[in-house]
**Student:** 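Take a look at the following structure, please.
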Amino acid sequence: MAEVVLDGVYKRFGNVTAVSDFNLHIKDEEFMVFVGPSGCGKTTTLRMIAGLEEITEGTIRIGDRVVNDVPPKDRDIAMVFQNYALYPHMNVYQNMSFGLRLRHTPKPEIDRRVREAAKILQIEHLLERRPRELSGGQRQRVALGRAIVREPKVFLMDEPLSNLDAKLRVEMRASITKLHQRLGVTTVYVTHDQVEAMTMGTRIVVMKDGYIQQVDSPINLYDNPVNKFVAGFIGSPAMNFMVGTVQDGRLKSPQFDLKPTDELASKLTGHNGKKVYVGIRPEDLDLRGYTDIPEGDNVIKATVEVVEPLGAETHVIATVGGDQSIVARVDPHANVQAGDQVEFLARLDKLHAFDMESEENLRFA
């Protein structure tokens, strides 16, 4: 097992900087997830750790060794790719054992490792099959097995579940999490899916335009986003944003007059008279008359656009002021339909306010 440290890492492709000043300490046995939109630099960073991409500047260390100039095969890492990368002419056993055979590992040791990995992944009955005879989920388990048998210091996973259907993704998410708990190998996992990131990661790195926006535990990212981008990227449905004006510690618009907590109000003093983004998550809004949220200085007037019944809850998509769309997760039995004028009640202790220019969360100003 090993820690992974990136110190001042840059990656440039000509005049384009794909990754900028990347500093991160991944602890031994940690499950670290890189998440962000397409083109944010997360896969490029993973490939630099793997040695598949040369770094332009900075230092990468795996364990106690700087690996800037170490070829991929000597870094003691194992990578799982998005497209499985299985050899079609080999059966499962041969695919899983291929890397060990290249290293001239003794046959009894190869057999032990392959069968042990197959047992962990519950694919013992598939060892004689070829990739074309397997489902997508089974192929991904084989790709994981091929990584496991290497017994590496670090697992690197590049969107390994993106080719699977929704149900299988949920199953494989749980399988990979259990696998990590059992093996305890330091893992770096890349995804654009924030639900995967939230459910799997010990910590999460949120990236945008090649820069780290925030590194934290899933719950801290959710509760305490440092800026508007992180707040909007983490959470499903995403955080709602409305424009309001700071007036004497309150957040006001023609549709609402919200009194934030004393803590947030004190941070707003320097913004008096200025407009800010007001953030509130869908689960922290509910329909007046269908909620246990006490009524007070927390009413938001809106017009219902779409109602989405989901069984255990209903999502109400509404507009505030005619041009700002918000989503509320409300009581599934609420009697509401498109076109209704409604009033939402907000949990004031869950309010966020973001600077209009820097987009930084003013709770941490």
**Student:** Apply salt bridge (Lys or Arg N to Asp or Glu O under 4.0 Å) to Asp111 and list each qualifying residue two or more places apart in sequence or on a separate chain.
**Tutor:** Arg115
**Student:** Determine the minimum heavy-atom distance between Leu251 and Val276, stating which atoms define it.
**Tutor:**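 In terms of heavy atoms, the two residues are closest at CD2-CG2, 3.7 Å.
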**Student:** List the residues meeting salt bridge (Lys or Arg N to Asp or Glu O under 4.0 Å) with Glu313, not counting sequence neighbours, and say none if there are none.
**Tutor:** Arg329
**Student:** Surrounding OH of Tyr10 (heavy atoms of other residues, nucleotides or ligands, distance under 6.0 Å), is the total greater than 12?
**Tutor:** yes
**Student:** Using modelled atom types only, decide if a donor and an acceptor are shared between the side chain of Asp340 and the backbone of Gln337 within a distance under 3.5 Å.
**Tutor:** yes
**Student:** Start with the C-alpha distance between Tyr277 and Val243, add both sets of side-chain angles, then the distance that settles side chain to side chain contact (heavy atoms under 4.5 Å, CB included), and finish with yes or no.
**Tutor:** CA-CA 5 Å; Tyr277 292 111; Val243 176; 4.2 Å; yes
**Student:** Hey, does Val215 have a side-chain heavy atom less than 4.5 Å from the side chain of Val205?
**Tutor:** yes
**Student:** Report the C-alpha distance between Arg203 and Glu30 in whole Å, list the side-chain angles of each, state the deciding distance to 0.1 Å, and finish with yes or no for side chain to side chain contact (heavy atoms under 4.5 Å, CB included).
**Tutor:** CA-CA 8 Å; Arg203 286 192 297 158; Glu30 190 168 22; 2.5 Å; yes
**Student:** Quick check: do Ile60 and Asn68 have side-chain heavy atoms less than 4.5 Å from each other?
**Tutor:**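 Side-chain contact under 4.5 Å: yes.
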**Student:** Are any of the side-chain heavy atoms of Asn227 and Gln214 separated by less than 4.5 Å?
**Tutor:**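 Asn227 vs Gln214: side chains apart.
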**Student:** Just by distance, no angles: are the side chains of Glu159 and Thr191 close enough, under 3.5 Å, to form a donor-acceptor pair?
**Tutor:**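 Per modelled atom types, Glu159 and Thr191 side chains form no pair under 3.5 Å.
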**Student:** Do NZ/NE/NH1/NH2 and the carboxylate oxygens of Arg347 and Asp292 come within less than 4.0 Å?
**Tutor:** yes
**Student:** Would you say the side-chain atoms of Asn240 pair up with the backbone N or O of Gly279, donor to acceptor, closer than 3.5 Å?
**Tutor:**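 Pair absent, no side-chain N/O of Asn240 close to backbone of Gly279.
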**Student:** Is any side-chain heavy atom of Met198 less than 4.5 Å from a side-chain heavy atom of Ile204?
**Tutor:** yes
**Student:** Ignoring hydrogens and angles, state whether a donor on the side chain of Ser162 or Gln82 is under 3.5 Å from an acceptor on the partner side chain.
**Tutor:** yes
**Student:** Will you find, in the side chains of Thr199 and Arg173, an N or O donor that is under 3.5 Å from an N or O acceptor?
**Tutor:**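 Yes.
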**Student:** I need the minimum non-hydrogen distance between Asn95 and Tyr87, along with the two atoms involved.
**Tutor:** OD1-N, 2.7 Å
**Student:** Quickly, which of Ile176, Thr177, Thr186 forms a side chain to side chain contact (heavy atoms under 4.5 Å, CB included) with Phe31? Name it, please.
**Tutor:** Ile176
**Student:** Run Arg113 and Glu109 through salt bridge (charged side-chain N to carboxylate O under 4.0 Å, His left out) and show every step you take.
**Tutor:** CA-CA 6 Å; Arg113 291 195 195 182; Glu109 178 65 9; 2.9 Å; yes
**Student:** In this structure, would Leu86 and Leu161 fall into the same cluster of hydrophobic residues linked by side-chain contacts under 4.5 Å?
**Tutor:**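 As far as the 4.5 Å side-chain criterion goes, Leu161 and Leu86 are connected within one cluster.
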**Student:** For Thr45 and Met207, run side chain to side chain contact (heavy atoms under 4.5 Å, CB included): C-alpha distance rounded to whole Å, both residues' side-chain angles, the deciding distance at 0.1 Å, then the answer.
**Tutor:** CA-CA 11 Å; Thr45 305; Met207 296 183 66; 4.0 Å; yes
**Student:** Measure across Val149 and Ala117 and return the closest heavy-atom pair with its distance rounded to 0.1 Å.
**Tutor:** CG1-CB, 3.7 Å
**Student:** Please determine if Lys228 forms a cation-pi arrangement with Phe354, meaning its NZ or CZ atom is less than 6.0 Å from the six-membered ring centre and no more than 45° off the ring axis.
**Tutor:** no
**Student:** Quick check: closest heavy atoms across His180 and Val185, and the distance to 0.1 Å?
**Tutor:** CD2-O, 3.1 Å
**Student:** Are any side-chain N or O atoms of Asp7 and backbone N or O atoms of Thr59, one a donor and one an acceptor, separated by less than 3.5 Å?
**Tutor:**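 Answer holds: no.
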**Student:** Return yes when atom CG of Asp349 has more than 12 non-hydrogen atoms of other residues, nucleotides or ligands closer than 6.0 Å, and no otherwise.
**Tutor:**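 Correct, the count exceeds 12.
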**Student:** Assess the pair Phe22 and Phe34: is the distance between their ring centroids shorter than 6.0 Å?
**Tutor:**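 For Phe22 and Phe34, the ring centres are under 6.0 Å apart.
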**Student:** Between Arg363 (side chain only) and Ala353 (backbone N and O only), is there a donor and an acceptor less than 3.5 Å apart?
**Tutor:** no
**Student:** Within a radius of less than 6.0 Å around NE2 of His104, do more than 12 heavy atoms belonging to other residues, nucleotides or ligands occur?
**Tutor:**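 Atom NE2 in His104 is not packed in, count stays at 12 or less.
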**Student:** Taking all non-hydrogen atoms of both residues, which atom of Val67 and which atom of Arg75 are closest, and how far apart?
**Tutor:**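 Residues Val67 and Arg75, closest heavy atoms: O-NH2, 2.6 Å.
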**Student:** Any chance you could lay out the salt bridge (charged side-chain N to carboxylate O under 4.0 Å, His left out) test for Arg169 and Asp193, step after step, and finish with the verdict?
**Tutor:** CA-CA 11 Å; Arg169 285 179 76 141; Asp193 184 336; 3.2 Å; yes
**Student:** Do Val320 and Val327 sit in the same hydrophobic cluster, where Ile, Leu, Val, Met, Phe, Trp and Tyr count as joined when their side-chain heavy atoms come under 4.5 Å apart?
**Tutor:** no
**Student:** Is Arg182 paired with Glu116 through a side-chain N to carboxylate O contact shorter than 4.0 Å?
**Tutor:**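 Answer for the salt bridge query: no.
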**Student:** Say whether, by atom type as modelled, one donor and one acceptor occur between the side chain of Asn23 and the main chain of Asp21 under 3.5 angstrom.
**Tutor:** yes
**Student:** Between Val19 and Gly41, which heavy-atom pair has the shortest distance, and what is it?
**Tutor:**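 The pair with the smallest heavy-atom distance is CG2-O, 3.7 Å.
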**Student:** Using a strict threshold of under 4.0 Å (side-chain N to carboxylate O), is an ion pair present between Lys267 and Glu263?
**Tutor:** no
**Student:** Regarding Lys11 and the six-membered ring of Phe13, is the cationic atom NZ or CZ under 6.0 Å from the ring centre and inside 45° of its axis?
**Tutor:**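 Yes, Lys11 sits over the ring of Phe13.
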**Student:** Answer whether the closest heavy-atom distance between the side chains of Met96 and Ile123 falls below 4.5 Å.
**Tutor:** yes
**Student:** Start with the C-alpha distance between Asp286 and Val330, add both sets of side-chain angles, then the distance that settles side chain to side chain contact (heavy atoms under 4.5 Å, CB included), and finish with yes or no.
**Tutor:** CA-CA 5 Å; Asp286 212 340; Val330 308; 3.4 Å; yes
**Student:** Name the orientation class of the two ring planes belonging to Phe233 and Phe229 (parallel below 30°, tilted from 30 to 60°, perpendicular beyond 60°).
**Tutor:**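 Parallel, since the angle between the ring planes stays under 30°.
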**Student:** Measure the shortest side-chain to side-chain distance between Ile280 and Leu285 over non-hydrogen atoms and say whether it is less than 4.5 angstrom.
**Tutor:**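 Sidechains of Leu285 and Ile280: in contact.
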**Student:** Assigning hydrophobic clusters by single linkage (Ile, Leu, Val, Met, Phe, Trp, Tyr; side-chain heavy-atom cutoff under 4.5 Å), is Phe241 placed with Leu268?
**Tutor:** no
